[in-house]
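None of the values given here were measured: they were computed from a predicted structure.
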Amino acid sequence: MTTVAALAATIDRALRDAMGRALPAGLAGADPQVRRSARGDFQANGLLSAARQAGMSPRELAEKVAASVDGQGVIAACEASGPGFLNITVTDSALLGQVSARLGDDRLGIPASEHGITVIDYSQPNIAKEMHVGHLRSTIIGDALARILGFLGEEVIRHNHLGDWGTQFGMLIEYLIEHGEDWQHEAGSAEESLSRLNRLYRDARAAFDSDPGFADRARRRVVALQAGDPRTLAGWREIVAESKVYFNEVYDKLGVLLTDEDAVGESFYNPFLPEVADELERLGVAQVDQGALCVFFDDITGPTGERIPLIIRKSDGGFGYAATDLAAIRYRIGTLHARRILYVVDIRQALHFRMVFETARRAGWLNDQVHAYHVAFGTVLGPDGRPFKTRAGETVRLISLLDEAVERARAVVREKSRHLDAGSLEATAQQVGIGAVKYADLASNRAKDYVFDLDRMVSLTGNTGVYLQYAHARTRSILRKAGDEAAAVARVHPGVALDPAERALALKLDELGATLDDVAQAYEPHRLCGYLFELAQAFTAFFESCPVLRAPDQPTRENRLVLCKLTGETLKTGLELLGLAAPDQL
RNA sequence: GCCCCGAUAGCUCAGUGGAUAGAGCGACUGCCUCCUAAGCAGUAGGUCGCGCGUUCGAGUCGCGCUCGGGGCGCCA
């Protein structure tokens with residue numbers, strides 16, 4: 001593995017050196033603020049503020065730095081401009097050198113910048129219930145973050161915090177035990193599992209509401225479950241297993257990394273709950289109030305101004321989700337040695353996590369070395385701008401939503417890709433349809449409410465997943481037609497001048513590493529989407545104006561082949577980090 | 001009442017304190033004897049919710065508002 005420094009980083013260092021010579025010692029570390037620019041390849045904005053702090057003329061400092069900077073064969077021109085900006089142009093040979101160096105490394109020259117263990121808690125569906133679009137968001141965003149942090153060197157532990165415990169299981173298990181003969185768990189499709197579960201829920205609910213005797217037995221069943229009664233636990237396990245059939249089919253359709261090994265549900269923490277409560281009480285973090293074990297916060301109050309607690313243990317002695325969340329934090333730090341825990345959860349739980357994290361800090365579990373962060377995402381809305389529901393006001397079945405996306409993609413693929421055989425056509429429809437849903441979810445700022453509009457996602461024009469897949473397929477198509485051997489032996493010719501479209505593409509190709517660092521910094525996958533879209537646009541512009549196979553001469557042809565190759569590899573890497581497929585042809 | 005999130009083109013959204021705020025969709029005008037037209041080029045479309053402040057410089061930072069969404073004791 002050979003790390004390749006980005007041109008922006010090389011320029012940054014060269015400017016820092018020159019600034020260090022021109023500025024007083026105290027300001028030697030000033031940031032030159034190197035950015036991409038329309039006025040040159042890069043511009044440096046940091047000299048204005050540095051000069052002011054040093055009591056110098058910004059314009060004079062800029063001219064001095066421009067004159068003394070060591071270009072190292074990378075900087076072709078560095079000119080002072082306006083009140084004190086620097087406009088920087090890089091050499092064509094440096095651009096081609098970057099492309100060549102990245103292509104020579106299986107990580108595209110990107111360094112592993114993360115070092116540690118991170119637990120990512122995502123997806124979190126509830127047993128015996130339908131997954132909804134909120135789970136879809138958590139699953140897709142969490143999956144992308146797991147892939148990206150992992151690529152950057154982090155040891156990622158995926159946790160699917162299944163809602164597999166609670167009082168609602170009483171009536172389900174009781175009903176199962178009383179009417180179990182016509183409810184046999186069997187291998188089957190997710191749809192079948194789901195309808196069995198829905199039927200169980202509906203029938204159990206009906207019995208609970210209409211039959212006081214049943215309701216009573218259901219309540220006793222909750223106690224039996226908590227006490228670990230074997231017959232009751234067996235029923236619980238049956239329900240959990242049935243649900244997992246459904247979840248796994250959804251995960252399989254979506255193409256996410258989650259497996260059964262990642263399922264660490266709420267029930268897993270049950271044995272730890274009493275000791276967590278005891279420890280918090282012993283530490284003085286929690287205290288009994290109105291019979292419940294509570295943690296209070298001076299700045300968290302209710303509508304009438306009274307302080308609102310985080311309830312660790314309810315007044316009836318039972319444990320709520322706060323206890324489970326705290327036990328999970330303690331386990332992930334104490335046993336898994338995580339340095340960071342991420343929760344990909346709906347933004348509406350922001351206050352809950354604030355209280356949980358603060359409690360964990362008071363207990364000493366979280367500190368300067370160990371962080372927890374709520375990777376919050378907004379509510380999913382329908383095309384009408386209201387929370388996403390069917391016309392009848394019911395939650396939308398996730399499976400049918402995904403199937404519909406694939407169905408629409410299939411129609412387009414059938415229309416546009418007549419060269420594909422039936423098998424590849426179906427595979428492509430899956431990759432395109434699922435990719436459209438995932439890209440749409442990942443492409444906008446996660447904190448905002450998000451409009452789930454299947455028409456838009458699967459329109460398959462413009463800024464959608466398929467645009468990136470299409471650009472990737474075009475790179476592969478060119479390389480195929482060039483002949484894989486010719487593509488393999490092509491090398492850069494640094495002496496050949498580059499066209500504007502070639503330069504723009506090469507500059508964009510150099511930015512993947514910085515983009516991934518940005519994503520990892522703020523846990524914002526949409527930055528990677530934005531980058532890949534820009535890269536695909538740069539490639540398409542190159543495709544339009546720079547013929548590869550019919551290039552005017554052999555060196556130009558090879559330079560372009562190499563650009564195609566790196567573009568393809570970069571798009572493929574980026575798509576995979578988002579969890580999208582990168583088919584070789586569309 | 002307090003807290004959180006949001007407000008940028010008709011719609012959906014990007015936008016590291018930098019120079020003239022960008023995409024996509026939709027609308028309009030063009031482009032396939034040529035490596036994939038799922039594409040490209042162009043035109044039209046903006047008081048960046050409002051005000052004050054900080055700064056050489058604010059869509060971006062701070063404060064105060066307006067509007068929308070959400071949250072606030074024993075559900076998760």
Side-chain angles (χ1 to χ4, degrees), chain A residues 33 35-39 43-46 48-49 51-52 58 81-85 87 124 126 163 166-168 266 289-294 299-316 318 320-322 324-325 345-352 354-355 376 378-379 381 383 385 387 409 412-413 415-417 419 432 440 443-445 447-451 453 455-456 459-464 466-467 469-471 473-482 514 518 526-527 529-530 533-534 537 540-541 543-551 560 564 585-586:
Chain A
Q33 296 179 35
R35 311 276 187 263
R36 287 295 305 278
S37 172
R39 294 163 182 265
Q43 66 183 62
N45 305 324
L48 285 132
S49 53
R52 259 188 70 78
S81 168
F85 297 105
N87 290 334
Q124 307 123 350
N126 294 313
T167 51
Q168 77 277 13
E266 293 170 354
D289 184 272
Q290 294 175 32
L293 184 64
C294 300
D299 54 346
I300 299 177
T301 56
T304 51
E306 81 289 3
R307 293 189 307 163
I308 297 296
L310 182 71
I311 294 174
I312 308 298
R313 191 180 57 225
K314 299 185 279 185
S315 53
D316 67 2
Y321 55 97
T324 309
D325 282 343
V345 177
D346 191 298
I347 197 168
R348 285 174 289 196
Q349 292 190 37
L351 181 61
H352 168 68
R354 208 178 121 200
M355 294 195 289
T379 307
L381 308 174
V412 177
V413 173
E415 171 68 24
K416 305 258 184 191
S417 301
H419 53 284
V432 168
S444 69
N445 188 331
K448 286 187 170 185
D449 287 350
Y450 154 66
V451 176
D453 186 345
D455 290 330
R456 190 193 309 282
S459 71
L460 308 182
T461 61
N463 188 357
T464 58
V466 74
Y467 182 84
Q469 292 171 323
Y470 185 62
R474 281 172 139 185
T475 67
R476 302 298 310 162
S477 172
I478 291 173
L479 296 173
R480 266 195 310 275
K481 292 203 165 144
D518 285 348
H526 80 279
R527 296 178 181 277
C529 296
F533 182 66
E534 289 169 5
Q537 280 186 313
T540 306
F543 181 93
E544 296 286 332
S545 63
C546 301
V548 178
L549 303 180
R550 291 172 291 103
R560 290 178 179 175
C564 280
Q585 52 181 327
L586 283 185

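The residue A:Phe543 sits close to a base: some heavy atom pair falls under 4.0 Å. Among the atoms of the strands shown, only primed sugar atoms or phosphate atoms (P, OP1, OP2) are found under 4.0 Å from some heavy atom of A:Val451. Among the protein residues, A:Ser477 comes within range of the nucleic acid bases, having at least one heavy atom under 4.0 Å from a base atom. Using a 4.0 Å heavy-atom cutoff across all strands shown, A:Ala473 reaches at least one base atom of the nucleic acid.
With sequence neighbours excluded, the residues satisfying salt bridge (Lys or Arg N to Asp or Glu O under 4.0 Å) with A:Glu534 are A:Lys508. In this view, A:Asp449 satisfies the salt bridge (Lys or Arg N to Asp or Glu O under 4.0 Å) rule with no residue, not counting sequence neighbours. Partners of A:Arg35 according to the salt bridge (Lys or Arg N to Asp or Glu O under 4.0 Å) rule, which considers only residues two or more places apart in sequence or in another chain, do not exist here. Every residue was checked against the salt bridge (Lys or Arg N to Asp or Glu O under 4.0 Å) condition with A:Arg39, not counting sequence neighbours, and none meets it. Looking at residues two or more places apart in sequence or on another chain, you find no ring-ring contact (aromatic ring centres under 6.0 Å, His included) involving A:Phe85. Listed by chain and number, the residues in a side chain to side chain contact (heavy atoms under 4.5 Å, CB included) with A:Glu306 are A:Thr304, A:Ile308 (sequence neighbours excluded). Residues forming a side chain to side chain contact (heavy atoms under 4.5 Å, CB included) with A:His526 (at least two apart in sequence, or on another chain): A:Asn445, A:Glu524. In this structure, the side chain to side chain contact (heavy atoms under 4.5 Å, CB included) partners of A:Thr475, at least two apart in sequence or on a different chain, are A:His472, A:Phe539, A:Thr567. Take A:Asp299 and apply the side chain to side chain contact (heavy atoms under 4.5 Å, CB included) test, not counting sequence neighbours, and it matches A:Phe297, A:Arg354.
Using a 90° window around 0 for the glycosidic torsion, B:G10 falls outside it and is classed as anti. In this structure, B:C61 is classed as anti because its glycosidic torsion departs from zero by more than 90°.
One interatomic measurement links the two molecules: OH of A:Tyr450 to C1' of B:G6, which rounds to 17 Å at whole-angstrom precision. Between A:Lys416 atom NZ and B:U36 atom C1' the separation is 11 Å, expressed in whole Å. Protein atom CG of A:Leu586 is 12 Å distant from nucleotide atom P of B:U36, rounded to whole Å. Rounded to an integer number of Å, the gap from CZ of A:Arg354 to P of B:C2 is 14 Å. Atom CD1 in A:Ile478 sits about 16 Å away from atom P in B:G39, given to the nearest Å.
For RNA chain B, the stems formed by at least three consecutive Watson-Crick or G-U pairs, with both atom-pair distances below 3.5 Å, span B:1-7 with B:66-72, B:10-13 with B:22-25, B:27-31 with B:39-43, B:49-53 with B:61-65.
A donor-acceptor contact shorter than 3.5 Å links the side chain of A:Ser545 to the backbone of A:Ala541.
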Point to revise | B/S/- contact track for nucleotides 67-76 of chain B, protein heavy atom under 4.0 Å | key: --SSSBBBSB

Exercise for review: Scan nucleotides 14-26 of chain B nucleotide by nucleotide, 5' to 3', and note B when protein non-hydrogen atoms come under 4.0 Å of the base, S if they reach only the sugar-phosphate, - if neither.
Suggested key: SSB-BBB--SSS-

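One P atom belongs to B:G46, the other to B:G10, and the distance between them is 6 Å to the nearest Å. Rounded to whole Å, the separation between the C1' atoms of B:C48 and B:G15 comes to 11 Å. Nucleotides B:U8 and B:G68 have their C1' atoms positioned 16 Å apart, rounded to a whole Å. A distance of about 16 Å separates the P atoms of B:G49 and B:C67, rounded to the whole Å. If you take atom P in B:U54 and the same atom in B:U60, they sit 15 Å apart, rounded to whole Å. Comparing the C1' positions of B:G57 and B:C61 gives a spacing of 13 Å, expressed to the nearest Å. A distance of about 36 Å separates the P atoms of B:G24 and B:C4, rounded to the whole Å. Atom name P, nucleotides B:C2 and B:C63: the rounded distance is 15 Å, in whole Å.
Separating the OG1 atom in A:Thr461 from the CZ atom in A:Arg456 is a distance of 10.0 Å, to the nearest 0.5 Å.
The two residues A:Tyr450 and A:Ala440 have their closest heavy-atom pair at CE1-O, 3.4 Å. Closest approach of A:Arg36 to A:Gln43, counting heavy atoms only: O-CG, 4.4 Å.
In this structure, A:Tyr467 reaches the B:C40 phosphate: one of its side-chain N or O atoms is under 4.0 Å from OP1 or OP2.
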